[in-house]
Amino acid sequence: MTATARRIVKCPTCGGKSVYAPENPYRPFCSERCKNVDFGGWATESYRVPAPSTSADADDDEPSPPQ
């Protein structure tokens, strides 16, 4: 049996060292806390992917005519 080198990566949340292997259930994060902080960012929509405007978006910006 050969020993494999442990891959150490930078935690995306805190920047600390994190073991990227099955023994770390929170990978690529270093801890459950860092994983939850990242999840909270997605849940509150702090992370967004820009999308090009569509004609439907432009229609939403125009005021409705008076009735």
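Nothing fancy with the numbering, it's 1 onward along the sequence.
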A.B. asks: Considering non-hydrogen atoms only, spot the tightest contact between Asp38 and Thr13 and give its length.
C.D. replies: CB-OG1, 4.0 Å
A.B. asks: For Cys30 and Cys11, work out which heavy atoms get closest and say how close.
C.D. replies: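 Heavy atoms of Cys30 and Cys11 come nearest at N-SG, 3.6 Å.
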A.B. asks: Report the hydrophobic cluster partners of Val37, with the cluster defined as I, L, V, M, F, W, Y residues connected by side-chain heavy atoms closer than 4.5 angstrom, directly or transitively.
C.D. replies: none
A.B. asks: Return each pair, listed once, that meets ring-ring contact (aromatic ring centres under 6.0 Å, His included) where at least one residue sits in residues 25-54; pairs must be two or more places apart or across chains.
C.D. replies: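 Those involving residues 25-54 are Trp42-Tyr47.
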A.B. asks: Test: salt bridge (charged side-chain N to carboxylate O under 4.0 Å, His left out). Region: residues 13-29. Which pairs qualify, not counting sequence neighbours?
C.D. replies: Arg6-Glu23
